[in-house]
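All values derive from a computational prediction rather than experimental measurement. Naming: A, B, ... by sequence-line order, numbering from 1 per chain. Just the heavy atoms: all of them, side chains too, but no hydrogens, waters or symmetry mates, feed the values below.
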Amino acid sequence: MTDIPTTPHVAPDHERVPRYEPTVIEPMWQQRWADARLYHTDLEDDARRRFYLLTMYPYPSGDLHIGHWYIKTPTDAIARFRRMNGDNVFFPIGFDAFGLPAENAAINSGVHPAEWTMRNIERMRTQLRSMGATFDWDSEVITCLPEYYRWNQWIFLRLLEAGLAYRRMAAVDWCPRDLVVLAREQVEGPDRVCWRCGTQVVKRDLEQWFFRITRYADELLDFDGLDWPEPVRAMQTNWIGRSEGAEVRFTTAPGAHHPGGATLTVFTTRPDTLFGATFMVLAPEHPLVATLTAPDRSSEVEAYVTQTRRRTEIERLDTGHEKTGVPIGAEAINPVNGERIPIWIADYVLSGYGTGAIMAVPAHDERDFAFAKRFGLPTRRVIAAPDDADDAPLAAAYVSKATTDRLVGSGPYTGLPVPEGSARIVADLVARDQGASSVTYRIRDWLVSRQRAWGTPIPVVYCAGSCGIVAIPEDQLPVLLPEDFQYRPEGGNPLEHTESFLRTTCPSCGGPARRETDTMDTFVDSSWYWWRYLAPHANEAAIDPELDTAWCPVDQYTGGAEHAVMHLLYSRFLCKALADLGVVREREPFRRLFNQGQILGSDGERMSKSRGNVQDPDELVSRYGADSVRLFLMFMGPWDQGGPWSPSGIEGVHRFLRRVWTVTLDPHGVEAGTGGGAPMGSTLDAERALRVAAHRALQGVTEDHAGFRWNTMVAKLMELTNSLMRHRGTPVAGTASWDEAIELLLLMLAPIAPHIAEELWSRRLEAAGVMARSIHTEAWPAFDADLVVADSMELPVQVNGKLRDLVPMAPGLDQAEVERLVLDRPKVQANLDGHTVVKIVHVGGRLVNIVIR
RNA sequence: GCGGGAGUGGUGGAAUGGCAGACACGCUGGCCUUAGGAGCCAGUGCCGCAAGGCGUGGGGGUUCGAAUCCCCCCUCCCGCACCA
């Protein structure tokens, strides 16, 4: 405990107690904290334990909304708590400053994206400061500045060298509204809409830059040692979509129009069903379709391929519609039994997954079953449950993978249990060079090209001579964005029309060359920004290796779950790639991740201007103060849950803070209209009760910090305040015990309601004539273990598990004494009447259960 | 369909094997006020005058004891979805 003397005797005259005016004290303290550089982190300090606390940096839209408060102010409470516990906390902030909204604003209003962005940043800095959060502004990162994006370019070149960045033609998703391609992760929902603007995307064939995230697919599935929420791990795992199975090589049978013998490889997760394959299906885009199609089938096949190409992806992926397809007039030979099966094409087989070809086993696959039924193709059962006959008829596909199932009608494998049969079939295929174990993933390489001007230029040129694609040498970075690009009414990428940018010389041959006009996906910027916070202005390197070693990985990251398969997956990928390149040390960027919930409007709907349910934080701050907003967001429920805004709820926490104010500054006050009702018992007993209340609160609050359980933490502080309020105006007020309780209350309040805690703390210091010092430099107190154990109690007594009585007794009695006291009670006796006591269960002095018959 | 999360008073929620409903909102009554959308006190799960009974989405089970653990089912939210 500290050495603060007893409560100054403020006159119990209400007029003498100043009002709680958060709008006056909050800006004042924010200024003083900034002047004192209270939250600048000395990154070189290795005397204290380091704690890197990161919260997702905002996009500078120009307006901070309540969601920013919901993630950032509790994160600030973590920072403040850890500092009080002696940690050297690094809690930086910056801006994700490239991106489309700035360009859209430029197109609409003519203001340059850089100007729009920097103006918004200026405004948002003020708003962020109004939270009273302890951001270290000295480390601010702004991604649209050359001192940042030149290192995006440097990273790009390293990836290019390592073969982790490449360019290829691909059918990509194009947003017709934003006029950009999108990464697969950025196309959402069954309607295939742009993640940013909600417009339905279309397919286009374009040359694009990719990052080879697929190389890390397996490693990205490993979350070992990471403390991450289950939903995000599940989403990433799902997204990566690892499937184990086998590739099986079929061959084509000779036909009138082709000699046969071509290899057709299929991927299957069910090699155990190979004997049940009754036909084969190729994706309409499969390269062998043209050569295998029989002449008399070609017009129908071509028509189907054309139709497929014309159909939108939505139609094609709609699982509801009836399956379509056509036979191509060729046959494949099943490698296990030499059987000839017909080859079809159908759009339910996707060219981009597996080998773009499947063996169809209608008996054991729902889709194949539906297809076979539609076109009258045969169905052959090859798997049976233990109780089924070998030829039990199938009303639907039997897709069970029960290990007790066995193979039937499968030649030499008949009778084997499924797992063994599967393994034997694959082993035999491998031995005969007709197949191999295989793993397939659903994740695709990360498409990073964007046809936009407000982003990091991709640092390559196209040589007009014979050099081809040439990387800009490292010492010529950054490739600066031109300042004079102009938006054109017809849209498109202005860089394509900016001659000063476009025309350059080839670094290889010195001849004329054209610059790449694609810029990078802004998710590249956000995939490594936390390293840059450590040395935002360093000219020598993107990442300082010593600071990386000292501070990374990030200890705690907080932000929304909406980036589960975008930002959070890209960041893990880039970390692993940079580790392989020797740029950073660790292979995972964020040790512990927390996703807050979403704040809804008071109508329970998503906040939106059109619904008119938006809560403007600035307005709330000017009405209630930042501390009340912070506290309400923490009090409304578990942090990961979010929920609707409640206008009366914030009144409730504001009322609580006023009570804290009153009880601290006016301990002897008595409310008009009450008798000043002194609680029962002696002052000594009351003092002890108050100390017990304070130390129990401290114990609970300390525990709640570990799990970010803000709601119960605030509840405990309310309880303590209620206890103090009950003793206000009694002889207990102003005693040493009272002062201890007040002091603990303020210290516990400091991380979550930093302004009022600081103000009340300073007033107490001043009144006591002690030199001023910030409550935020105080140590987190330790609770007194003797006080938190009960010294008297009411023992709950159950009869057959139902509560029947509460028996007052001293703790520490032995079981015989407890039983005597309990069995003496009339209420207990009444319940035992006419029954036999079978046994009495004692639960560690906390409860007794009498079992009767 | 697959994966994940959740279901408790009028409301937000608390309790993760041991007194269900902490804390707060709202509501009711009272006090005090020139007044108050301020402050203070008391009450508030449901049924019942009471004694008492019932009660954590539904059903079953394990246990001396279940909101909590197990099995089956229902509902809602999120993500993925013809991925072979």
Of B:G39, B:C19, B:A14, the nucleotide closest to the side chain of A:Asn711 is B:A14
Could you tell me how the ring of A:Tyr348 sits relative to the ring of A:Phe371: parallel (under 30°), tilted (30 to 60°) or perpendicular (over 60°)?
-> tilted
So CZ of A:Phe656 and OG1 of A:Thr721: to nearest 0.5 Å the spacing works out to 4.0 Å
Q. Taking only side-chain nitrogens and oxygens of A:Arg726, does any of them come within less than 4.0 Å of OP1 or OP2 of B:C41?
A. no
Atom CZ of A:Phe656 and atom C1' of B:A22 are separated, to the nearest Å, by 15 Å
Discussion item. Using a 4.0 Å heavy-atom cut-off, does A:Gln798 contact any base of the nucleic acid, only the sugar-phosphate backbone, or nothing at all?
Written reply: base
- Are any non-hydrogen side-chain atoms of A:Tyr304 and A:Asp347 less than 4.5 angstrom apart? yes
Taking for A:Ile358 and for A:Arg709 the nucleotide of RNA chain B with the nearest heavy atom, the one nearer the 5' end belongs to A:Arg709
Mind checking if A:Pro644 touches a base, just sugar-phosphate, or nothing, with heavy atoms under 4.0 Å? nothing
- prompt: Got a salt bridge between A:Glu244 and A:Arg242, using NZ or NE/NH1/NH2 to carboxylate O under 4.0 Å?
  reply: yes
A:Arg804 atom CZ is separated from B:C64 atom P, nearest whole Å, by 19 Å
From CE of A:Met725 across to P of B:C23 the rounded distance in Å is 16 Å
Closest non-hydrogen atoms of A:Leu394 and A:Ala363, given as atom of the first, atom of the second and distance, are CD1-CB, 3.5 Å
Side-chain contact check for A:Leu350: nearest option of B:G4, B:A84, B:G26 is B:A84
Of the candidates B:C41, B:G13, B:C82, the side chain of A:Arg659 sits closest to B:C41
Glycosidic torsion of B:G10 (syn if within 90° of 0, anti otherwise) classifies it as anti
Testing B:G5, B:C23, B:A84 for proximity to the side chain of A:Val349, the answer is B:A84
A:Phe635 meets the ring-ring contact (aromatic ring centres under 6.0 Å, His included) criterion, sequence neighbours left out, with none
*Check whether any side-chain heavy atom of A:Leu657 sits under 4.5 Å from a side-chain heavy atom of A:Tyr624, and report yes or no.*
no
Whole-Å distance, A:Ile840 CD1 to B:G18 C1', equals 16 Å
With the side chain defined as heavy atoms from C-beta on, A:Ala234 is closest, among B:G3, B:A84, B:A38, to B:G3
Of the listed B:A84, B:A24, B:G4, the closest approach to the A:Tyr353 side chain comes from B:A84
*Look at the aromatic rings of A:Phe708 and A:Trp639 and report parallel, tilted or perpendicular, splitting at 30° and 60°.*
perpendicular
Atom CZ of A:Phe279 and atom C1' of B:A84 are separated, to the nearest Å, by 12 Å
Give me the distance, rounded to whole Å, that separates B:G57 from B:G53 when you measure between the P atoms they each carry. 23 Å
Note: for A:Leu806 and A:Gly637 on RNA chain B, the residue whose nearest nucleotide lies more 5' is A:Gly637
5' to 3', nucleotides 46-51 of chain B under a 4.0 Å protein heavy-atom cut-off (B base, S sugar-phosphate only, - none) gives ------
From the candidates B:C23, B:G39, B:A20, the one with an atom nearest any side-chain atom of A:Arg658 is B:G39
Quiz prompt | Distance between P atoms of B:C80 and B:G18 (Å, rounded) | solution = 38 Å
* To do: Kindly say if A:Arg655 contacts the phosphate of B:C23, meaning a side-chain N or O under 4.0 Å from OP1 or OP2.
  => no
Looking only at B:A84, B:G18, B:G12, the nucleotide nearest the A:Leu847 side chain is B:G18
Can you tell me if the side-chain N/O atoms of A:Thr712 get under 4.0 Å from OP1 or OP2 in B:A15? no
- Query: If you take atom types as modelled and just measure distance, does the side chain of A:Lys323 reach the base of B:C82 with a donor-acceptor pair under 3.5 Å?
  - Reply: yes
Among the nucleotides B:G13, B:A14, B:A24, whichever has the atom closest to the side chain of A:Gln641 is B:G13
Smallest heavy-atom separation, A:Arg846 atom then A:Leu795 atom, equals C-CD1, 3.6 Å
Quick note, A:Phe267 side chain, CB onward, closest among B:A20, B:A84, B:C64 is B:A84
note: A:Glu703, atom CD; B:A14, atom P; distance rounded to Å ~ 16 Å
Taken to the nearest whole Å, NZ/A:Lys839 to C1'/B:G65 is 10 Å
**OP:** Measure the shortest side-chain to side-chain distance between A:Thr308 and A:Thr324 over non-hydrogen atoms and say whether it is less than 4.5 angstrom.
**Re:** no
Q) Parallel, tilted or perpendicular: which fits the ring planes of A:Tyr570 and A:Trp446, with parallel below 30° and perpendicular above 60°? A) parallel
request  = Decide yes or no, distance alone: a donor-acceptor N/O pair under 3.5 angstrom between the base of B:C80 and the side-chain of A:Asn238.
outcome  = no
Intra- and inter-strand pairing of RNA chain B, written as dot-bracket with Watson-Crick and G-U pairs under 3.5 Å and | for the latter, reads (((((((..(((.....[....)))((((((.......))))))(((....)))..(((((..]....))))))))))))....
Here the distance between atom P of B:C23 and atom NZ of A:Lys716, to the nearest Å, is 12 Å
Item checked: Any side-chain heavy-atom pair of A:Met359 and A:Thr273 under 4.5 Å -> yes
